[in-house]
Amino acid sequence: EAQVTQNPRYLITVTGKKLTVTCSQNMNHEYMSWYRQDPGLGLRQIYYSMNVEVTDKGDVPEGYKVSRKEKRNFPLILESPSPNQTSLYFCASGTSGVDTQYFGPGTRLTVL
Amino acid sequence: QKEVEQDPGPLSVPEGAIVSLNCTYSNSAFQYFMWYRQYSRKGPELLMYTYSSGNKEDGRFTAQVDKSSKYISLFIRDSQPSDSATYLCAMTDNYGQNFVFGPGTRLSVLP
């Protein structure tokens with residue numbers, strides 16, 4: 001089944017404890033992206049990647065890191081999480097950005 | 001001013017009604033316009049995308065783009081209870097890398 005998977009789906013952590021949210025797609029897509037979704041603000045793009053080893057900042061990259069060492073994986077790293085990073089996070093992939101983006105199921109992160 | 005504005009709703013309509021959802025934007029560089037549907041506790045799924053101005057129809061859904069007014073619309077004909085979801089507009093420029101989403105409109109179609 002073609003899909004985007006994210007892990008974990010739910011995470012509660014404390015301020016300053018490094019964490020990684022994994023994202024994997026099995027559709028051989030070149031484009032991958034991370035978004036956060038907050039009430040009243042909609043989806044905001046954090047980082048995107050057009051291909052392996054090519055990443056770029058979206059609109060809200062502060063406090064986040066990404067890496068794209070393999071085509072199928074695009075992990076999101078929070079080196080020192082803060083409460084303002086409490087949010088619902090989505091990973092997406094597509095053949096190119098303007099084509100269909102397939103979204104993962106989301107990761108709900110709470111930083112205490 | 002936000003880059004993309006969208007009425008958050010909630011919007012409640014009876015089954016069979018025609019629904020009109022709208023977004024306005026400020027960045028004239030946007031060339032691709034998309035509508036996503038998001039059910040509760042799920043990721044968004046693409047409904048339609050259009051390039052530049054004009055109309056596009058797909059079944060019960062019609063997307064319209066008016067670049068001169070920086071205004072886009074999604075019409076749903078013969079709405080069904082299964083259409084109850086949050087609808088997000090999204091847009092990007094010709095490079096198709098950086099996307100901006102509206103905050104979403106929550107729609108309820110009542111049987």
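At a 4.5 Å heavy-atom cutoff, A:Y102 makes no contact with chain B through either its backbone or its side chain. Heavy atoms of A:Q37 lying under 4.5 Å from chain B belong exclusively to its side chain. Residue B:Q31 does not touch chain A at all, counting heavy-atom pairs closer than 4.5 Å.
Ranked by heavy-atom pairs shorter than 4.5 Å toward chain A, the options B:A90, B:G43, B:P44 are led by B:P44. Taking chain B as the reference chain and counting heavy-atom pairs below 4.5 Å, the highest number among A:S33, A:G40, A:G106, A:P105 is found for A:G40.
Aromatic ring centres of B:Y51 and B:Y32 lie closer together than 6.0 Å. Checked against a 6.0 Å centroid threshold, the rings of A:Y35 and B:F101 count as neighbours. A centroid separation of less than 6.0 Å is found between the aromatic rings of B:Y36 and A:F103. With ring centers used as reference points, B:Y25 lies under 6.0 Å from B:F33.
Remark: B:K56 is not positioned above the aromatic ring of B:F61, lacking an NZ or CZ atom under 6.0 angstrom from the ring centre and at most 45 degrees off the axis.
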